[in-house]
Amino acid sequence: MADLVLVQGDITEQTVDAVVNAANSSLLGGGGVDGAIHRKGGPAILAECRDLRASRYDKGLPTGAAVATTAGNLPARWVIHTVGPVWSAHDDRSELLASCYRESLAVADELGAETVAFPAISTGVYGWPMDDGARIAVETVRAADTRVQRISFVLFGRDGYAAFEKALF
Ligand code: ADP
């Protein structure tokens, strides 16, 4: 069972083996976490994403899946890109959100990453309510069978931090 840690801050500044990107399926950049990672990580990340689009993921990375690239100039070694579901009030997409956390940890295990930092996937532009996103994140990583030793949740704002605190304790 990995140690779970909460951090209020910026995911791009985390010194961990792998940071998880709340990407979109194009893998070619976006706003929020994705924009920050590409801005600070530099062009090497986008170059690998383009290669992935040209090979394994010609139709884009499916929602709930995860794939790794270099972390470029970030302090981390790898970026694990995962695509969260867009929130829907009439369609329960919780299993896809859980899959993002599970698949990211599976990729981390393949890489041999021992420390991984997650943002609150889908809770920004994709509109997932923070409390529910935090609950799914914590439940899923707690249930995951992984060799990752430390999992940090990096929350940008106080509300996100408070929601994860509530979900954890
Ligand atoms: P999504 O499209 O999956 O909703 P976003 O990147 O829009 O992803 O937002 C996911 C969460 O990450 C939101 O709660 C947002 O406030 C937060 N966030 C945005 N930028 C950063 C950052 N640099 N570090 C950590 N969290 C961030």
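Order of listing sets the numbers, starting from 1, for every ligand and every atom in it. Computed from a prediction, not measured in an experiment: that's the story for all the values here.
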Inset, instruction - Give the protein residues with at least one non-hydrogen atom closer than 4.0 Å to an atom of ligand 1, ordered by chain and number. - result: G9, D10, I11, A22, G32, V33, A36, A120, S122, T123, G124, V125, Y126, M130, V154, F156
Legend entry - Carboxylate-amine/guanidinium contact E95 R102, below 4.0 Å: yes
Inset, instruction - Output yes when D131 and K166 qualify as a salt bridge under the 4.0 Å nitrogen-oxygen rule, no when they do not. - result: yes
Legend entry - F118 and Y101 aromatic ring geometry - parallel, tilted or perpendicular at 30°/60° bounds: tilted
Legend entry - Check: D17 main-chain N/O paired with R77 side-chain donor or acceptor under 3.5 Å: no
Inset, instruction - Write down the atom of L61, the atom of T82, and the distance for their closest heavy-atom approach. - result: CD2-CA, 4.3 Å
Legend entry - Which residues share a side-chain contact (heavy atoms from CB on, under 4.5 Å) with A117, sequence neighbours left out: I11, Q14, V16, V19, S152, V154
